[in-house]
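Notes follow the structure.
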There are 2 protein chains.
Amino acid sequence: MDQLEFHIERLRAAGLRPTKQRLAICKSLFNKKETFHFTIEKLKKIVEKDSRKKISLATLYNTVHSLKNRGYLKEISIKGNKTFFDTNTKHHHHFYDERMSQLVDIEDKNILVGNLPKAPNGKKIKSVEVLVKIV
Amino acid sequence: MDQLEFHIERLRAAGLRPTKQRLAICKSLFNKKETFHFTIEKLKKIVEKDSRKKISLATLYNTVHSLKNRGYLKEISIKGNKTFFDTNTKHHHHFYDERMSQLVDIEDKNILVGNLPKAPNGKKIKSVEVLVKIV
DNA sequence: TTGGTAATTTATAACCATTCTAAAGTAGAG
DNA sequence: CTCTACTTTAGAATGGTTATAAATTACCAA
Ligand SMILES: [Mn+2]
Ligand SMILES: [Mn+2]
Ligand SMILES: [Zn+2]
Ligand SMILES: [Zn+2]
């Protein structure tokens with residue numbers, strides 16, 4: 001089963017038809033050796049460079065959101081005017097250089113969070129994210 | 001030294017003249033028994049209710065940013081369309097209920113973060129923030 | 001006190017990432 | 001191949017935030 005089939009698989013799982021545009025997005029997202037962080041504008045540049053075709057912003061927004069909702073991408077909880085996404089979907093944390101708007105992964109095993117108090121009013125803990133700001 | 005003098009002090013320290021509008025903002029921010037989290041729109045409602053006067057958005061944005069820059073308020077690193085501020089300027093962490101857009105403090109002593117890897121490329125760690133999402 | 005001047009307030013416009021819209025194009029079942 | 005539902009796209013709308021510039025106010029010096 002080659003990469004292409006995986007992309008088709010992913011798109012179908014996200015409830016999306018495997019169109020040319022969506023496959024181009026998947027290639028740029030998932031055919032890389034390393035995971036990476038991106039904004040929509042940055043992804044647009046990457047996909048258009050990789051595929052040598054224009055792609056509309058609307059398609060990028062729609063596809064990225066669908067892939068995120070299906071769990072193939074993560075949205076990163078960072079304040080800022082632009083939203084960051086992550087092709088690393090494993091549980092992990094981040095260094096964040098605000099000046100550069102640049103993220104670096106911290107593997108889950110390389111950080112320890114303990115003594116968590118329990119959530120208020122019978123709420124349940126959904127995730128624990130550590131953000132280490134650096135300068 | 002009463003509260004008013006403290007407000008004037010804070011404003012002067014932030015490089016701001018103590019005007020009626022800015023003092024009204026300070027009263028609504030710092031005369032409460034408990035610290036709290038707010039968005040600009042929410043603060044506008046609070047200040048206008050407390051002071052029974054209209055206040056422009058621009059003045060709120062400017063004053064809140066100046067107070068933040070001087071360290072009298074904290075901006076909270078949470079993704080979302082609106083920016084959250086915090087009158088609790090001590091080092092602490094947060095529970096966050098995304099559905100309700102509601103924050104609850106976690107005191108620093110009530111959470112333990114260990115084994116932090118060192119920052120990349122000779123960068124320095126500026127802060128370590130834990131965000132616990134709840135549902 | 002009184003001007004004079006710089007700071008401030010305000011309404012409104014501009015900005016810009018994101019979402020919405022609706023028309024034109026396309027995929028794929030049958 | 002045809003039909004229909006889905007998709008793509010350009011452009012408009014949205015909404016929080018920031019910029020602008022005219023009217024107002026604070027406050028120092030005379
Ligand atoms: Mn989103
Ligand atoms: Mn800000
Ligand atoms: Zn990451
Ligand atoms: Zn807080």
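Naming convention: chains lettered A, B, ... in sequence-line order (proteins, then strands); numbering from 1 in each chain. Model, not experiment: these values are computed from the prediction.
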Regarding the side chain of B/S56, the nearest nucleotide among C/dT18, D/dT17, C/dA11 is C/dA11
Which nucleotide in D/dT8, C/dT18, C/dT10 has an atom nearest any side-chain atom of A/R22
D/dT8
We want to know whether A/D105 and A/N88 form a side-chain donor-acceptor pair, criterion being a heavy-atom distance below 3.5 angstrom.
yes
Looking only at side-chain N and O atoms, does [X] come under 4.0 Å of OP1 or OP2 in [N]?
| X | N | answer |
| --- | --- | --- |
| B/T83 | D/dG16 | no |
| B/Y61 | D/dT18 | no |
| A/Q21 | D/dT9 | yes |

Measure the distance from [atom1] on [X] to [atom2] on [N] and round it to the nearest whole Å.
| X | N | atom1 | atom2 | answer |
| --- | --- | --- | --- | --- |
| B/E75 | D/dT17 | CD | C1' | 11 Å |
| A/L67 | D/dT7 | CG | C1' | 15 Å |
| B/L60 | C/dT8 | CG | C1' | 14 Å |
| A/K53 | D/dT7 | NZ | P | 19 Å |
| A/I8 | C/dG28 | CD1 | C1' | 13 Å |
| B/N81 | C/dC16 | CG | C1' | 14 Å |
| B/N62 | C/dT10 | CG | P | 11 Å |
| B/L57 | D/dG16 | CG | P | 10 Å |

Hey, is B/K53 close enough to B/E48 for a salt bridge, meaning N to O under 4.0 Å?
no
May I ask you to decide whether A/E129 forms a salt bridge with B/K133, counting only side-chain N to carboxylate O separations under 4.0 Å?
yes
What string of B, S and - do you get for nucleotides 20-29 of chain D 5' to 3' if you count protein non-hydrogen atoms under 4.0 Å?
------BS--
Give a yes or no answer on whether the side chain of B/H93 reaches the backbone of B/V130 with a donor-acceptor pair at less than 3.5 Å.
yes
Residues which pass salt bridge (charged side-chain N to carboxylate O under 4.0 Å, His left out) with A/K45, listed by chain and number, not counting sequence neighbours
none
Mind telling me whether B/H7 and B/F30 have parallel, tilted or perpendicular rings, with 30° and 60° as the class edges?
tilted
Looking at A/K74, A/H37, A/K68, which hits side chain to side chain donor-acceptor pair (under 3.5 Å) with A/D86?
A/H37
